[in-house]
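Working notes for the structure below.
None of the values given here were measured: they were computed from a predicted structure.
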Amino acid sequence: MSAVVEVVVAVPKFLYHFIVGDDLVVAIVMVLALAATGVTVANGINAWWLVPPLAVVMTGVSLWRRGVAN
Amino acid sequence: MVPQGHCSCGGSRLRRVSRTFDATAAFLAFKGVSLEGLEIAIIVVSVGASAGQLGPSIVGGAAALVLVGAVGFALKGPIQRIPRSFLQLVVGTMLTSFGTFWALEGLGVLWPQSDADIVLLLVFYGLSALSFIGLERRARHQALEVVRT
């Protein structure tokens with residue numbers, strides 16, 4: 001594989017692992033949670049309480065899914 | 001990935017430090033420092049420029065660089081003895097706490113206790129992580145017992 005192809009493959013791969021990590025479902029849920037927070041704040045609800053508990057719950061879900069898969 | 005000359009399995013008997021140049025460790029350190037350095041540069045320039053105080057902002061950033069470098073050099077020995085997994089836990093908890101705080105503040109959220117909520121987030125995520133570690137250890141222990149019987 002040439003150096004150019006290696007870079008073309010490696011950069012998106014790095015970005016995926018850097019942004020998404022090892023669980024796509026968690027990444028999607030957290031992006032949706034951030035979007036939901038933005039929408040609720042725009043509608044006058046100070047939803048600081050949404051993301052932190054959801055992050056913990058999704059970590060538990062991710063660990064549980066990995067445990068089931070193993 | 002385990003850098004050359006280091007062992008991820010823990011225990012002082014197995015720990016050894018290579019005296020040769022470790023390209024993997026150098027590359028990882030370069031990536032980490034570049035990423036954080038870029039972040040600091042953006043913060044220093046944006047905060048300094050928005051306040052019309054770019055000079056003092058650069059001086060403060062440079063002083064912090066020297067201070068952190070000096071503290072890192074002074075604490076090199078003790079830090080090498082800290083288990084890597086513990087460092088990952090601490091750094092991960094801090095990044096998650098600061099990330100949550102700034103991301104939500106960027107969305108317009110007003111934190112009830114203002115900046116003090118960073119500490120509460122640290123405690124919340126830290127205790128959650130410790131709970132998950134306990135559950136994972138118990139599950140692994142139970143799985144090992146099933147294999148043995």
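Proximity to chain B (any heavy atom under 4.5 Å) is restricted, for A:Ala55, to the side chain, taken from C-beta onward. With a threshold of 4.5 angstrom between heavy atoms, B:Leu127 does not approach chain A through any atom at all. For B:Leu110, the parts lying under 4.5 angstrom from a heavy atom of chain A are both the backbone and the side chain. Neither the backbone nor the side chain of B:Phe101 comes within contact range of chain A; no heavy atoms are under 4.5 Å apart. Looking at A:Val41, the atoms closer than 4.5 Å to chain B (heavy atoms on both sides) all sit in the side chain, from C-beta outward. Contacts of B:Glu136 with chain A are made by side-chain atoms alone, with heavy-atom separations under 4.5 Å and no backbone atom involved.
Panel note: side chain B:Thr93, backbone B:Leu89; a donor-acceptor pair is recorded below 3.5 Å.
Ranked by heavy-atom pairs under 4.5 Å with chain B, the list A:Val51, A:Thr40, A:Leu63 is led by A:Leu63. Contact tally against chain A (heavy-atom pairs below 4.5 Å) for B:Ser131, B:Ser128, B:Ala139: the top residue is B:Ser128. The most heavy-atom pairs under 4.5 Å with chain A, out of B:Ser97, B:Ala129, B:Pro112, B:Gly108, come from B:Pro112.
Side-chain contact check for B:Leu107 versus A:Trp48: every heavy-atom pair is 4.5 Å or farther apart.
B:Glu36 and B:Lys31 are not joined by a salt bridge, as no carboxylate oxygen comes within less than 4.0 angstrom of a charged side-chain nitrogen.
A:Ile45 and A:Trp49 make their closest contact through CG2-CZ2, 4.1 Å (heavy atoms, listed as atom of the first residue, atom of the second, distance).
No more than 12 heavy atoms of other residues, nucleotides or ligands sit less than 6.0 Å from atom CE of B:Met94. Within 6.0 Å of the CG atom in A:Asp22, the count of heavy atoms belonging to other residues, nucleotides or ligands does not exceed 12.
Going from atom CD of B:Gln113 over to atom CG of B:Leu121 covers 10.0 Å, rounded to the nearest 0.5 Å.
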